[in-house]
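Below is one structure, written out as structure tokens, with a few remarks after it.
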Amino acid sequence: MAMVMMAQNVTGKTLTICQNCAINTIEEGIALAQSGDTLRVERGTYREYNLFVDKPLTIVGIDTPVIDGQKRGEIFRITADNVSIIGLKIINVGVSYTSDHAAIRIVKSEGFNVSNNELEQLFFGIFLEKSSRGRIANNRISGVAKDEYNSGNGIHIWYSKNVDVQDNTVEGVRDGIYLEFSDSVHIRSNKSRKNLRYGLHFMFSNHNFYGDNTFENNGAGVAVMFSKFIEMRGNHFSKNWGPASYGMLLKEITDATISDNIFEENTVGINIEGSNRIVYERNQFIQNGWAIKVLGACYSNTFRSNNFLYNSFDLSYNSRMNDNLFEGNYWSNYSGYDLDKDGIGDIPHRPVKLFSYVVNRTPETLILLRSLFMDIIDFSERVSPVFTPDNLADTKPLMRKVE
């Protein structure tokens with residue numbers, strides 16, 4: 001994605017802020033600065049909040065100065081274009097049930113750059129509102145969220161577009177990264193873990209790319225809702241455990257590509273509902289409870305060249321109808337043979353087990369997992385399908401894992 005270059009004013013000057021300087025507060029530095037100036041904030045602790053940046057400025061910290069909001073409100077509110085906030089440690093954002101106080105809020109701005117900051121003891125971390133063509137990179141955001149109602153999101157993007165979110169670490173907040181009504185956003189190489197609700201949560205957001213991110217040990221993994229033209233590539237979804245947890249939830253998603261991801265040790269790898277025309281390829285499903293759960297109204301999806309390795313259940317369906325293609329995947333529990341040695345099993349693989357169908361309707365039966373009872377009913381269903389989709393089979397199962 002072509003990102004905006006930060007505007008530089010060659011005539012801009014540098015103002016130094018320190019506790020023994022002529023300018024000893026950031027608020028005073030902002031007031032004295034002219035458009036295009038740089039505020040150089042020296043090491044120290046600055047107890048300030050409600051700092052309004054209404055002109056193009058670069059605010060850069062030297063040796064990570066601390067901006068302490070004393071839990072009294074928002075810290076920075078940016079309303080000008082071409083503002084950079086770099087190298088600060090911002091702590092003690094105020095908690096409010098009527099205002100979404102943030103460490104850094106960017107409102108109706110373009111060309112922003114928020115990078116190399118540390119945000120702690122926060123309500124919301126970085127909050128974008130109707131802003132575009134900017135960068136959020138290399139920030140460390142850490143909260144202590146305990147309840148959804150009194151916690152905010154780490155990176156919150158609302159009605160914004162053309163934003164690059166890269167190499168951030170977010171943990172201990174409500175949702176690590178949240179998008180709503182935000183298009184053409186690139187989210188790359190972030191780590192979002194140990195968050196109260198979701199590692200990533202987005203809805204009504206189209207033409208977005210998510211690549212090489214780690215979503216680990218979050219309350220319910222990643223939720224993707226009411227969006228289209230999405231690409232999710234090379235992400236790692238792991239250790240999202242719980243009775244209603246999953247690596248990724250897809251709800252009302254269309255025209256997407258989900259490829260080269262790892263879904264490892266989740267209650268459900270991918271939970272799919274009302275999602276159509278999605279290509280799933282070269283994904284790894286490893287030791288999940290269910291690799292994939294498909295609920296109603298999922299049509300014209302393609303599953304190809306995926307590895308299904310040692311999951312309790314590879315696939316769950318709640319319908320006897322199937323309009324999705326499973327072809328050329330590797331299934332660790334495939335028991336067929338390859339007499340012609342072409343690398344493709346000679347008999348189709350039926351990945352939906354009757355016991356999975358039973359567990360969906362009567363969860364208490366899960367206690368019988370890996371029992372002789374499970375083997376008997378799965379064998380009977382494989383011989384003569386009655387409850388599972390009779391046309392749901394991988395007709396070209398691979399004999400070796402996809403590398």
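Side chains are part of it too, since the values below use all heavy atoms of this structure and drop only hydrogens, waters and symmetry mates.
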Salt bridge check: are [X] and [Y] linked by an N-O gap of less than 4.0 Å?
X      : Y      : result
Asp212 : Arg188 : no
Asp175 : Arg197 : yes
Arg304 : Glu281 : no
Lys161 : Asp183 : no
Lys401 : Glu403 : no
Asp164 : Arg135 : no
Glu216 : Lys191 : no

Sub-4.5 Å side-chain heavy-atom contact between Leu392 and Phe326
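Heavy-atom side-chain distance check passes, below 4.5 Å.
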Do Met232 and Val224 come close enough that some side-chain heavy atom pair is under 4.5 Å?
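A side-chain contact exists here, since the closest heavy-atom pair is under 4.5 Å.
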Any chance the side chains of [X] and [Y] put a donor and an acceptor closer than 3.5 Å?
X      : Y      : answer
Tyr280 : Asn324 : no
Asn322 : Tyr317 : yes
Asp314 : Trp331 : no

Partner of Tyr49 by side chain to side chain contact (heavy atoms under 4.5 Å, CB included), out of Glu74, Arg72, His101
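Of Glu74, Arg72, His101, side chain to side chain contact (heavy atoms under 4.5 Å, CB included) with Tyr49 is met by Arg72 alone.
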Only one of Phe204, Phe226, Trp158 passes ring-ring contact (aromatic ring centres under 6.0 Å, His included) with Phe181; say which it is.
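The option that passes is Phe204.
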Inter-residue atom distance Asp81.CG - Ile78.CD1, 0.5 Å rounding
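One gets 11.0 Å once the value is rounded to the nearest 0.5 Å.
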Looking at every non-hydrogen atom in both residues, tell me the closest pair between [X] and [Y] and how far apart they are.
X      : Y      : result
Ser189 : Asn213 : N-OD1, 3.2 Å
Leu88  : Thr64  : C-CG2, 4.3 Å
Pro351 : Ala393 : CD-CA, 4.3 Å

Taking only residues at least two apart or on different chains, which pairs with a member in residues 237-246 satisfy salt bridge (charged side-chain N to carboxylate O under 4.0 Å, His left out)?
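Only Lys239-Glu265 qualify under salt bridge (charged side-chain N to carboxylate O under 4.0 Å, His left out).
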